[in-house]
S.K.: 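Just passing along the structure, written as structure tokens.
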Amino acid sequence: MKLSNFFIPTLKETPSDAVIPSHVLMLRAGMIKQLTAGVYSYLPLGLRVFRKIEGIVREEMNRIGCNEFLLPALSPNELWQESGRLDFYGDDIFRIKNRELVLAPTHEEVFTSIAKPSLVSYRNLPQMWYQIQTKFRNEPRPRGGVLRARQFTMKDAYSFDSSWEGLDRSYNLQREAYIRIFTRCGLKFFSVTAFNGGMGGNESEEFMVESQFGEDMVMISEDGSYAANIEVAVSESVHVARVGSNLMHEKFHTPGVKSIEELAEFLGITDKSRLAKSRMFVVPPSGEAEKEKYVLTLVCGDDEVNEAKLFNIFPNIRPAHPDELKSITGADAGSIGPLGLKSSDVIITADIRLKDADELISGANENDYHIRNIDLKRDVDGIRYEDIRVVKHGEKTIDGKSTLRESRAIEVGHIFKLGTVFAERLGAYFLDEKGEQHPLIMGSYGIGIERIAAAFIEQNHDKDGITWSGEISPFLINLISVNPRSEKVKAESDRVYSELLSGGYEVLYDDREDVSPGVKFKDADLIGIPLHIIVSEKNLQNNEIEVKFRKNGQREKLNSDEIINRLPNFLKNI
RNA sequence: CGGGAUGUAGCGUAGUCCGGUUUAUCGCGCCUGCUUUGGGAGCAGGAGGUCGCAGGUUCGAAUCCUGCCAUCCCGACCA
């Protein structure tokens, strides 16, 4: 490709809207251009990278016997009502105003609707289907360029099995394909156990790239034996010891005390573990016959409730609104607790750290009053103990052998075992060997195409620009004709270019005549193609041309035929 | 949706507090000519603006007031 007719609008200055390195560099290297918040045009150079990533994904999906589809982005409301997700997604789904259609944010429904009339016998199973397609999500806050966009490309795959063992096999095939994909893309990555998002199913793993600009918090053990999204992470639980004094609980006046910090200060203590922190949640009714339920959570004063963990115990749970709080407890936030609740429909759930703890202090469900000497074992009937707290940096792993470190990461892929939720909701059943009907057992597997590119750039850049390597580089070689106005230089660069092309190399040829050498070198470093070949008057006097490795800046001057002969070796080292 | 910030040419910006020699600043980029060609060239000339939008105050508004819109950041949210 000749740069003189390839459109790469590089920018000398950092656009003021971009903050994180991958976003800045994608804009500066002319890969993408923002159209509106969270929506990007892919320019020729960026598209080349995204297409390469798609190519790798496609190869690895095909390798495991996954069938490529291409489904529409437009999708009838009816289908989403059937699965219950029109309401579930709420404002996050784009709706078409003049038709009963949505722009699909994902494709479980549509794929299942295809499976339903076709995968009707165990003889049709298993099947694995995928597509690489544009997704639309009305993200409340897009950020980081293509890291979180409202329109983006996703590889989404779905498996259909007739048994749970079959699901395990499909899941593992996908899992292995993911490892090959991210490895081929040149990412340093790891996987973590993850939140299933409340969509049912059991096992779920996210593929993560560690980055200070990532949106996910993960807990990683120092010995590498454990990694989990903070939403599900567990640690060795340090129990609050039972004192056994059997002191009677008593109410006391705490004027103006609203937070655990204020309570600790009021009491003049620093250890907050016995200050039981209470929060009220509401569980919506799951069926017509059911009533709304309330859940009061208790964690140590120095802990936080993990709402994702809570969601797994109580589906669709949400925090109570202030007015609900008042009517359920009789008090406002800051004064609520497990004793003396106004409503009798409250399930009290304490974190396992507080199992059978006593001498606790909590709100009295009366503004400006707290109660001391609460004994959960003695005073709270029907209390449940669950792991509902957020794990903290520096805690021990659950086996006590290593220490957990908190880190940020970019999620580039997510695989999980959906189970039968969708098949049941959409009525996709098959007959087994005995003629019995069962719902299809599904798995769902996603990869963010642009996110891989962004994550790669986060891991591979320096002060001058991107440092591509491996299979996703837009080109392998950047041929720079330092001064093509010189007949000699032009003739030799043209000759080298055609030799490289006939050798099957992907070459970006900077043949621009009206641009100074400095601009060419700066652009080459910014775009970051791994190997530069430089043809200049100076070197030609010694009958030489030059190779430069973008990443480490190493250079070598040699006769041009020799360079071309040694290219396979040079390219091995990038 | 809460909190913060910003909006001036393709990009980056000065001016805004304290309204008036402002014909809106400067750099990059762009156009023309000449020179230049190993790290974002030099000289000369030139084009390019509803100062986000709408209203208001005023003799006079980029500047003050009101409303709206857009973009970014933090948070909430994000199977």
Side-chain angles (χ1 to χ4, degrees), chain A residues 9-20 23-24 27-28 30 33-39 80 83-85 88-93 105-109 135 137-145 147-150 152 154 156 158 194-202 204 206 213 215-217 229 231 307-308 311-312 315-316 318-319 411 414-419 421-422 425 442-446 448 464-465 480-486 489-490 510 512-526 532 534-541 545-546 548 553 555 557:
Chain A
T10 57
L11 302 174
K12 199 191 279 191
E13 279 167 302
T14 301
S16 55
D17 280 347
V19 173
I20 72 171
H23 187 198
V24 168
L27 290 169
R28 287 196 54 212
K33 182 165 167 51
Q34 180 173 316
L35 184 59
T36 182
V39 181
W80 293 80
S83 71
R85 291 211 293 184
F88 181 86
Y89 272 115
D91 201 37
D92 291 346
I93 198 162
T106 172
H107 279 77
E108 279 83 1
E109 280 81 355
K135 296 287 184 278
R137 293 184 186 178
N138 187 22
E139 294 290 347
R141 182 150 99 85
R143 75 187 95 182
L147 268 189
R148 177 165 294 277
R150 295 202 168 120
F152 61 99
M154 179 161 144
D156 46 322
Y158 307 87
F195 180 42
N196 67 21
M199 286 310 297
N202 34 35
S204 170
E206 287 167 334
F213 298 106
E215 295 185 273
D216 289 88
M217 299 297 293
N229 194 304
E231 292 178 328
E307 293 186 21
F311 207 99
N312 278 339
N316 300 318
R318 62 168 175 82
E411 179 192 345
H414 192 173
I415 55 178
F416 77 95
K417 297 182 183 175
L418 262 183
V421 190
F422 277 92
R425 286 189 196 169
M442 293 173 59
S444 167
Y445 317 93
D464 295 314
I480 300 169
S481 185
V482 173
N483 178 15
R485 285 196 223 173
S486 148
V489 172
K490 178 164 169 46
D510 193 344
R512 291 176 295 179
E513 290 190 3
D514 51 353
V515 169
S516 70
V519 172
K520 294 187 177 183
F521 292 129
K522 288 288 186 188
D523 272 350
D525 287 347
L526 176 60
H532 300 175
I534 302 161
V535 180
S536 72
E537 199 136 38
K538 203 170 76 183
N539 289 335
L540 284 182
Q541 282 167 9
I545 62 174
E546 182 178 347
K548 176 193 161 188
R555 295 159 187 273
K557 290 182 187 178

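The figures that follow rest on heavy atoms only: side chains count, while hydrogens, waters and symmetry mates do not. Order of the sequence lines sets the chain letters (A, B, ...), proteins ahead of strands, with each chain counted from 1.
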S.K.: Considering every strand and a 4.0 Å limit on heavy-atom distances, what is the contact class for A:Thr106: base, sugar-phosphate, or nothing?
M.R.: base
S.K.: Return a single string for nucleotides 32-44 of chain B, one symbol per nucleotide in 5' to 3' order, where B is base contact, S is sugar-phosphate-only contact and - is none, cutoff 4.0 angstrom on heavy atoms.
M.R.: ----BBBBBS---
S.K.: Paired with B:G7: which nucleotide, if any, by Watson-Crick or G-U wobble criteria at under 3.5 Å for both distances?
M.R.: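 Base partner found: B:C69.
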S.K.: Rounded off to whole Å, could you give me the CD-to-C1' distance for the A:Gln34 and B:C11 pair?
M.R.: 14 Å
S.K.: Report the distance from atom NE2 of A:His414 to atom C1' of B:C78, rounded to the nearest whole Å.
M.R.: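 That distance rounds to 13 Å.
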S.K.: Would you call A:Glu546 and A:Arg555 a salt bridge, taking side-chain N to carboxylate O under 4.0 Å as the test?
M.R.: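 A salt bridge is present here (some side-chain N lies under 4.0 Å from a carboxylate O).
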S.K.: Check the distance between B:C77's P and A:Asp92's CG and give it to me in whole angstrom.
M.R.: 12 Å
S.K.: Return the 5'-most residue of the pair A:Glu231, A:Glu13 with respect to RNA chain B, ranking by each residue's nearest nucleotide.
M.R.: A:Glu13
S.K.: Rounded off to whole Å, could you give me the CD-to-P distance for the A:Glu215 and B:G75 pair?
M.R.: 9 Å
S.K.: Roughly how many Å is it from CG in A:Asn138 to C1' in B:C77, rounded to a whole number?
M.R.: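 Distance, rounded to whole Å: 12 Å.
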S.K.: Whole angstroms only, please: what is the CD1-P distance between A:Ile20 and B:C72?
M.R.: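 Nearest whole value for this atom pair: 12 Å.
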S.K.: By the 4.0 Å heavy-atom rule, please label A:Gly144 as base, sugar-phosphate, or nothing.
M.R.: sugar-phosphate
S.K.: Check this for me: does the side-chain of A:Arg148 come within 3.5 Å of the base of B:C78 through a donor and an acceptor?
M.R.: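 By the distance-only test, yes, there is a pair.
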S.K.: Quick one: do A:Arg485 and A:Glu513 make a salt bridge, cutoff under 4.0 Å?
M.R.: no
S.K.: Base, sugar-phosphate, or nothing: which does A:Thr14 touch, judged by heavy atoms less than 4.0 Å apart?
M.R.: sugar-phosphate
S.K.: Using atom CG of A:Leu147 as one end and atom P of B:C78 as the other, report the distance to the nearest whole Å.
M.R.: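 Between P of B:C78 and CG of A:Leu147: 19 Å.
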S.K.: Between A:Arg141 and B:C73, is there a side-chain N or O to OP1/OP2 distance below 4.0 Å?
M.R.: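 For B:C73, OP1 or OP2 has a side-chain N or O of A:Arg141 closer than 4.0 Å.
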S.K.: Regarding A:Pro140, tell me which of base, sugar-phosphate or nothing describes its non-hydrogen contacts under 4.0 Å with the strands shown.
M.R.: base
S.K.: Does any nucleotide pair with B:C1 by Watson-Crick or G-U wobble geometry, both distances under 3.5 Å, and what is it?
M.R.: B:G75
S.K.: Would you mind checking if A:Lys548 and A:Asp525 are paired as a salt bridge, meaning a charged N to carboxylate O distance below 4.0 Å?
M.R.: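 Salt bridge present between A:Asp525 and A:Lys548.
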S.K.: Can you tell me how far C1' in B:G52 sits from the matching atom in B:U32, rounded to whole Å?
M.R.: 34 Å
S.K.: Any Lys/Arg nitrogen of A:Arg28 or A:Asp523 sitting under 4.0 Å from an Asp/Glu carboxylate oxygen of the other?
M.R.: no
S.K.: Whole angstrom is fine here: how far is it from CZ in A:Arg150 over to C1' in B:C72?
M.R.: 12 Å
